[in-house]
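Structure record follows, encoded as structure tokens.
Each ligand, and each atom within it, is numbered from 1 in the order the structure gives. Here the structure is a predicted model, which is why all the values come from computation and not from measurement.
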Amino acid sequence: MNTRITELLGIQYPVIQGGMAWVAEYHLVAAVSEAGGLGLIGAGGAPAEFVRDQIRKVKELTDKPFGVNIMLLNPEADAIAQVIVDEGVKIVTTGAGNPAKYMQLWKDAGVKVIPVVASVAMAKLMERAGVDAIVAEGTESGGHIGSATTMTLVPQVVDAVNIPVIAAGGIADGRGFAAAMMLGAEAVQIGTRFLVANECVVHDNYKQKVIAAKDIDSEVTGRSTGHPVRSLRNKMTREYIKLEQEGASFEELEHLTLGSLRKAVVEGDVVDGTVMAGQIAGLVKKEQTCKEIITEIMEEAEALLHTK
Ligand code: TUI
């Protein structure tokens with residue numbers, strides 16, 4: 001299936017793996033890219049030198065295109081922006097902010113820039129800033145989220161910009177892929193289903209919690225602080241939401257989640273840690289290789305879309 005996104009990025013299938021902090025490290029990235037999708041290193045809150053090392057490790061495993069996702073709240077975002085150029089990475093996606101200040105640096109280096117946005121206004125601003133494509137991410141997504149649903153956001157962003165749009169949030173199978181195409185998207189970004197990929201190094205407790213999750217098992221914490229984050233319900237989310245209802249301060253709430261994503265991903269503490277995942281976790285039932293995941297999604301989608 002060819003779209004402006006497969007052309008732009010030089011990939012076989014219009015399937016992009018979400019740049020999940022702590023989760024999307026070089027094994028997962030290389031496996032997704034080798035399978036014909038686009039792997040993204042999730043720089044999250046990592047130091048720039050860690051990101052440089054990850055880039056070099058992906059290159060040892062694959063010659064296929066891959067990219068880096070920069071989470072713009074990272075205090076080392078400036079240094080990571082430069083590492084991307086220095087290491088010759090050709091695709092960057094950004095999250096949780098406005099990447100305008102890096103546009104000149106990246107465009108001069110021939111980097112394709114794809115910001116993740118959660119609103120039409122941000123999508124328009126980004127198109128004017130000269131980005132190459134947009135990820136329109138619905139509130140069904142795991143992690144840091146906006147408020148519009150994928151179903152409503154994607155067609156509105158498609159109508160508002162001329163650059164290609166990638167749909168994200170709530171997509172985990174061929175039906176979701178086909179639906180995104182019907183809304184005008186030219187690729188999808190998938191996070192939650194790749195959490196349980198064989199090549200994904202996330203702790204087994206985390207994978208099992210995603211596999212066990214049902215449709216209504218995610219929760220949004222941080223609405224009161226202006227940084228809403230979706231994760232699977234556990235002791236941490238219950239305590240957090242209780243504190244929010246009691247009017248706790250930003251500092252008290254921060255204390256509860258400091259280092260909590262690492263705790264879940266690396267240590268497997270799915271009780272006190274933050275188990276970020278999207279609302280589609282209920283559809284994710286088993287571990288598979290990245291190749292199996294991508295092939296299955298594409299075969300199902302092509303049958304639905306009659307593109308084969
Ligand atoms: O960035 C994400 N998802 C994330 S980042 C992350 S790490 C983190 N952990 C704890 C707290 C906060 C972050 C986990 N998941 N998705 C992309 C995304 N970007 N969703 C929404 C946005 C966004 C929000 C505001 C993009 C632009 C924006 O603009 C604000 C502005 O500057 O106007």
Proximity of Met20 to ligand 1 by residue part, where a heavy atom lies under 4.0 Å: neither

Nearest non-hydrogen protein atom, atom 26 (C) of ligand 1: Val116 O, 3.4 Å

Side-chain (Arg230) to main-chain (Ser141) donor-acceptor, under 3.5 angstrom: yes

Closest approach of Met236 to Thr274 (non-hydrogen atoms, all atoms of both residues): CE-OG1, 3.4 Å

Contact (N/O only, under 3.5 Å) between Ala21 and ligand 1: no

Sub-4.0 Å atoms of ligand 1 with respect to non-hydrogen atoms of Asn98: 32 (O)

Within 6.0 Å of NZ in Lys64, more than 12 heavy atoms from elsewhere: yes

Met20 and its side-chain contact (heavy atoms from CB on, under 4.5 Å) partner, picked from Ile41, Asn69, Leu195: Leu195

hydrophobic_cluster_shared for Val131 and Ile16, side chain cutoff 4.5 Å: no

Gly143 neighbourhood, listing ligand 1 atoms whose heavy-atom distance to it stays under 4.0 Å: 14 (C), 15 (N)

Those atoms of ligand 1 less than 4.0 Å from some heavy atom in Met276: 9 (N), 14 (C)

Gln288 and Glu296 side chains, donor-acceptor separation under 3.5 Å: yes

Protein residue, atom and distance nearest to atom 15 (N) of ligand 1, heavy-atom basis: His144 N, 2.9 Å

His227 and ligand 1 - part of the residue with a heavy-atom distance under 4.0 Å: neither

Residue and atom name of the nearest protein heavy atom (relative to atom 11 (C) of ligand 1), distance in Å to one decimal: Val229 CG2, 3.9 Å

Cluster overlap Val29 with Val202, hydrophobic side-chain contacts below 4.5 Å: no

Heavy atom of Gly44, distance to ligand 1 below 4.0 Å: no

In one Ile/Leu/Val/Met/Phe/Trp/Tyr side-chain cluster, 4.5 Å: Val220, Tyr240: no

Under-4.0 Å heavy-atom contact with ligand 1, by part of Glu137 that carries it: side chain

Atom 25 (C) of ligand 1 [closest protein heavy-atom partner, distance rounded to 0.1 Å]: Gly97 N, 4.1 Å

Atoms in ligand 1 with a heavy atom of Met71 nearer than 4.0 Å: 5 (S), 7 (S)

For atom 19 (N) of ligand 1, the protein heavy atom that lies nearest, with its residue and separation: Ala96 N, 2.9 Å

Step-by-step side chain to side chain contact (heavy atoms under 4.5 Å, CB included) determination, Ile297 to Tyr13: CA-CA 10 Å; Ile297 291 170; Tyr13 303 116; over 6 Å; no

Salt bridge flag under 4.0 Å for residues Arg4 and Asp132: no

Nearest neighbour in protein (non-hydrogen) for atom 33 (O) of ligand 1: Met122 SD, 4.1 Å

